Amino acid sequence: QVQVAERGGGLVQPGGSLRLSCTVSGSIVSIYAIDWYRQAPGAQRELVATITSSGRINYADSVKGRFTIGRDYSKMTAYLQMNTLKAEDTAVYFCNVRESYDSVGYWGQGTQVSVSS
């Protein structure tokens, strides 16, 4: 069984920063990629950032230049550094861990990020 746990959410003022972490445990064979998604109230879940085992990285246009994804596979952990946060970044952030390109992946429970003055 594989467990995925996100941490690091909270309330921050516009322009502030947060660092989310995603830790994987259990009997996962290998990690092909880790994705960060977010879901705002009343909206669909959207892909924010992806990092693959080869180090390839992609970002949604809305977060380019502000968010940075990283990983430490020796610790089975991925990070999402979020800077210059805006009110529209408010959402529940989820981590998805994929064992292959087209696998459904394993989801965490999510962590709430709220950006408000």
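Counting from 1, the numbers follow the sequence of the chain as shown. Please read all numbers here as calculations on a predicted model, not as lab measurements. Excluded from the calculations below are hydrogen atoms, water molecules and symmetry mates; all remaining heavy atoms, backbone and side chain alike, are included.
Linking ILVMFWY side-chain heavy atoms closer than 4.5 Å, directly or via other members, places Val4 and Ile28 in a single hydrophobic cluster. Ile69 and Tyr79 fall into different hydrophobic clusters, defined by Ile, Leu, Val, Met, Phe, Trp and Tyr side-chain heavy atoms under 4.5 Å apart, directly or through other members. Hydrophobic cluster membership is shared by Ile31 and Ile57, with clusters built from Ile, Leu, Val, Met, Phe, Trp and Tyr side chains linked at under 4.5 angstrom. When hydrophobic clusters are built by joining Ile, Leu, Val, Met, Phe, Trp and Tyr residues whose side-chain heavy atoms come closer than 4.5 Å, directly or via intermediates, Tyr37 is not grouped with Val113. In the hydrophobic clustering of this structure, Met76 groups with Leu80; members are Ile, Leu, Val, Met, Phe, Trp, Tyr whose side-chain heavy atoms approach within less than 4.5 Å, directly or through other members.
For the residue pair Ser21 and Thr77, the shortest heavy atom distance occurs at CB-CG2, 4.4 Å. Among all heavy-atom pairs drawn from Ala40 and Ala91, the shortest one is N-CB, 3.8 Å.
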Test side chain to side chain contact (heavy atoms under 4.5 Å, CB included) on Met82 and Arg66 and set out the steps. CA-CA 6 Å; Met82 306 186 295; Arg66 300 188 299 121; over 6 Å; no
Verdict with reasoning, Ser17 to Gln81, per side chain to side chain contact (heavy atoms under 4.5 Å, CB included): CA-CA 7 Å; Ser17 298; Gln81 177 67 41; 4.0 Å; yes
Passes side chain to side chain donor-acceptor pair (under 3.5 Å), Ser116 versus Ser114? Steps please. CA-CA 6 Å; Ser116 174; Ser114 298; over 6 Å; no
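Within a 6.0 Å sphere centred on CD of Gln39, heavy atoms belonging to other residues, nucleotides or ligands number more than 12. The number of heavy atoms from other shown groups lying within 6.0 Å of CD (Glu88) is above 12. Counting non-hydrogen atoms of neighbouring residues, nucleotides and ligands closer than 6.0 angstrom, the CZ atom of Arg7 reaches no more than 12 such neighbours.
Using modelled atom types, one side-chain atom of Asn96 and one backbone atom of Val104 make a donor-acceptor pair closer than 3.5 Å. Looking only at distances, no side-chain donor or acceptor of Thr50 sits under 3.5 Å from a matching main-chain atom of Asp35. In terms of modelled atom types and a separation under 3.5 Å, the side chain of Tyr93 and the main chain of Gly8 share no donor-acceptor contact. Of the possible polar contacts, none joining the Glu6 side chain to the Thr111 backbone as a donor-acceptor pair under 3.5 Å is found.
Residue Thr90 holds its OG1 atom at 7.0 Å from CD of Gln112, rounded to the nearest 0.5 Å. The distance from atom CZ of Arg71 to atom OG of Ser53, rounded to the nearest 0.5 Å, is 7.5 Å. Summarising the geometry, atom OG1 belonging to Thr84 is positioned 9.0 Å from atom CZ belonging to Phe67; distances are rounded to the nearest 0.5 Å.
Considering Leu20, Asn58, Val63 as possible partners of Val48, the one that fulfils the side chain to side chain contact (heavy atoms under 4.5 Å, CB included) test is Val63. The one candidate from Arg98, Gln3, Gln1, Glu99 that meets the side chain to side chain donor-acceptor pair (under 3.5 Å) condition with Tyr106 is Glu99.
The shortest side-chain heavy-atom distance between Val2 and Val24 falls under the 4.5 Å cut-off. Using a 4.5 Å cut-off on side-chain heavy atoms (C-beta onward), Thr68 and Tyr59 make contact. A 4.5 Å side-chain heavy-atom check between Cys95 and Val97 finds at least one atom pair inside the cut-off.
Residues Asp89 and Lys86 are not paired through a salt bridge, judged by the lack of any N-O separation under 4.0 Å between the basic side chain and the carboxylate.
Note on ring orientation: taking the six-membered ring where Trp is involved, the planes of Trp107 and Phe94 are perpendicular (angle over 60°, cut-offs 30° and 60°).
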